[in-house]
Q: 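I'd like to ask you about the structure that follows.
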Amino acid sequence: MANNEEAFKKIISHAKEYGFVFPSSEIYDGISAVYDYGQQGVELKNNIRQYWWKSMVQFHENIVGLDSAIFMHPTIWKASGHVDAFNDPLIDNKDSKKRYRADVLVEDYMAKVQDKIDKEVEKAAKRFGETFDREQYVTTNPRIMEYQARIDSAGQRLYKAMTDNDLAGFKQLIVDLEIVCPISGTRNWTDVRQFNLMFSTQMGSLSEDTNVIYLRPETAQGIFVNYINVQKTGRMKIPFGIAQTGKAFRNEIVARQFIFRMREFEQMEMQYFVRPGEELKWFEYWKAERMKWHLSLGMPASKYKFHNHEKLAHYANAAVDIEFEFPFGFKELEGIHSRTDFDLNAHQQFSGKKLQYFDPELNESYVPFVVETSIGLDRTFLAILSHAYTEEKLADGSDRVVLRLPPVLAPIKAAVLPLVAKDGLPEKARDIMDLLKIDYMCQYEEKDSIGRRYRRQDAIGTPYCITIDHQTLEDNTVTIRERDTMKQERISTDKIPAIIPERIRTDK
RNA sequence: GCGGAAGUAGCUCAGUUGGUAGAGCAUCAGCUUCCCAAGCUGAGGGUCGUGGGUUCGAAUCCCAUUUUCCGCUCCA
């Protein structure tokens, strides 16, 4: 683990040193858990996004794209459940200085009392043997009935406090239940405060107080509220999908681990609209499809695993994560959720607009069910970067750091390098550079020895280096050097524009 | 948010009992012209994370604050 920690630190330094990722606002001391993508990072990130987009939108005739706004009608977040679910009531114990979710404390209390009931029942069961009637015992034993009453009362008050957003009532509940801090054992609590995971701001006139607007905590809702627009104008037939990439914002209590958990992050989501009853079939389909996509990036299957959700969110009837082995362990990279008709139903109800689909094959109307694939772009970036980062000891005893990025994702596809900066080689190299840069990202470099320039390109993951030497002037050939093998071959200059895209397609 | 550790040049770090900020690499200019980093000459770059305090004097001691990392917690 210590080794991985070291490795992770090296990756973070490398990311900064070579212009992939910078801490945001760094000259002002930075801002916690916000990062900027530098000159290489933005290329890599764009390429990942494009690779995803192509595989989802371009390669699937029944999936179309969308780019919805970050600002949305505030009621959307009521309908989606985010206003309620993203509001955690928090309370601190003044002695242990520990912070808890108030609802979790109450739930723990209820579980503890339930535990007492279970133990009582167990004891009684042993005592009475086979004649024991559990049902009857539970409903007649006064001590158990008293326990049960405590649970019921606590549950009701918890529910009321949650739905009414009654923070004072919450505090009173914790006081009345005599809940103690598991660490300090005291009842010295602060007031209950709300911690909203959604960022908010105001739109329009500040004099009205009803214009609070949220920065979207997920991109999915933008798709749901446009579902009927896309379906009608695109004449989409179920099953069909809508894909979108974009920023989302969550005011996480703790945001850490470099770009793994940021407060501002980018999602790549696809919502697939299916017939009710067929959602689990499609869930399995997308689970397999998405894993294929990850493996197509050339990373070993052992780096990935599925993690089934046992506790499902309020909207889901099946959910699985694709986890990736980051330097800090297996962590969620992508979620595949069967969201049922929860979202569309909620929007239908809150908006009063019909969101039904008429299925000509079944000759009936229904609200479609939704299977979602939702992947973190920044996390994918981190997964790819951390896996690509390699330190090598070469045969001659020297070291090199190379980013073994999939060529299709590399920020720079080719570097154009005159062997020496004289004898007309730079001029020739410029000609080649001008030709190639029309088709893909290239970098021209003539400073320093050729070996050093190769190493610099290795460090940013450039898959090919094209070197112009004296022979080029004679027979119009160049050498093309491959990043991973460091092998070179000589090819004719007019073959370069075609050969690199061709190799990028096949080299994974 | 709590606890621990750290913050000195772009990077990695040194800086003695408090006494005028250093190295290597990198960068830039010039020389060299060589197919896998580290040839030569020169130059630029730091109010030592920030703000206070103690002191004749603070990178060094004290307090606060901020950022990062680790653990706990959280992650619909």
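Protein chains get the first letters and strands the later ones, always in sequence-line order, with residue 1 at the start of each.
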Q: Could you identify the nucleotide paired to B:U12, looking across every strand shown and requiring Watson-Crick or G-U wobble geometry with both distances under 3.5 Å?
A: B:A23
Q: Can you name the residues that form a ring pair (Phe, Tyr, Trp, His ring centres under 6.0 Å) with A:H470, not counting sequence neighbours?
A: none
Q: Among residues at least two apart in sequence or on other chains, which ones pass ring pair (Phe, Tyr, Trp, His ring centres under 6.0 Å) with A:F273?
A: A:Y227, A:F240
Q: Using a heavy-atom cut-off of under 4.0 Å over every strand shown, decide if A:D458 touches base, sugar-phosphate, or nothing.
A: nothing
Q: Decide yes or no, distance alone: a donor-acceptor N/O pair under 3.5 angstrom between the base of B:C36 and the side-chain of A:R400.
A: no
Q: When you compare B:C69 with B:A29, how far apart are their P atoms, in angstrom units rounded to a whole number?
A: 35 Å
Q: In chain order, what residues pass the side-chain hydrogen bond (donor to acceptor under 3.5 Å, both in side chains) check against A:E392, with sequence neighbours excluded?
A: A:R400, A:R404
Q: Distance between the C1' atoms of B:A6 and B:U60, in whole angstroms?
A: 16 Å
Q: Using atom C1' in both nucleotides, what's the gap between B:A9 and B:A26 to the nearest angstrom?
A: 10 Å
Q: Considering only nitrogen or oxygen atoms on both sides, find all protein atoms under 3.5 Å from nucleotides 22-33 of chain B and state each distance.
A:
| from | atom 1 | to | atom 2 | distance (Å) |
| --- | --- | --- | --- | --- |
| B:A26 | OP1 | A:R452 | NH1 | 2.4 |
| B:A26 | OP1 | A:R452 | NH2 | 2.9 |
| B:U27 | OP1 | A:R456 | NH1 | 3.1 |

Q: With rounding to the closest Å, how many angstrom separate the C1' atoms on B:U17 and B:C13?
A: 23 Å
Q: Using only modelled atom types and a 3.5 angstrom limit, is any donor from either the side chain of A:Q488 or the base of B:C35 paired with an acceptor on the other?
A: yes
Q: What's the gap between B:U65 and B:G10 when it is taken at their P atoms, as a whole Å value?
A: 28 Å
Q: Can a salt bridge be assigned to the pair A:E218 and A:R339 using a cut-off of 4.0 Å between side-chain N and carboxylate O?
A: yes
Q: Indicate whether OP1 or OP2 belonging to B:G10 is found under 4.0 Å from a side-chain N or O atom of A:K16.
A: no
Q: With both distances under 3.5 angstrom, what nucleotide forms a Watson-Crick or G-U wobble pair with B:G51?
A: B:C63
Q: If I take atom CD in residue A:E446 and atom P in nucleotide B:C35, what distance separates them, rounded to the nearest angstrom?
A: 17 Å
Q: Between B:G46 and B:U8, how far is it from one P atom to the other, in whole Å?
A: 15 Å
Q: Taking any heavy-atom pair under 4.0 Å as a contact, classify A:A33: base, sugar-phosphate, or nothing.
A: sugar-phosphate
Q: Polar pairs (N or O, both sides) under 3.5 Å between protein and nucleotides 43-51 of chain B?
A:
| from | atom 1 | to | atom 2 | distance (Å) |
| --- | --- | --- | --- | --- |
| B:G49 | N2 | A:D29 | OD2 | 3.4 |

Q: Given the P atoms of B:G44 and B:C28, what is the spacing between them in whole Å?
A: 16 Å
Q: Return the set of residues passing ring pair (Phe, Tyr, Trp, His ring centres under 6.0 Å) with A:F342 (not counting sequence neighbours), or none when no residue passes.
A: A:H314
Q: Could you tell me how far B:U55 sits from B:C72 if I compare only their P atoms? Round to whole Å.
A: 44 Å
Q: Test of understanding: with side chain to side chain contact (heavy atoms under 4.5 Å, CB included), list the residues that count as partners of A:D448, not counting sequence neighbours.
A: A:R452, A:R456
Q: Name all pairs fulfilling the side chain to side chain donor-acceptor pair (under 3.5 Å) condition that reach into residues 12-25 of chain A, sequence neighbours left out, sorted by first residue then second.
A: A:K16-A:E26
Q: Indicate yes or no: does A:E445 engage A:R453 in a salt bridge with an N to O separation below 4.0 Å.
A: no
Q: With sequence neighbours left out, write down each residue that passes side-chain hydrogen bond (donor to acceptor under 3.5 Å, both in side chains) with A:Q40, or none if nothing qualifies.
A: none
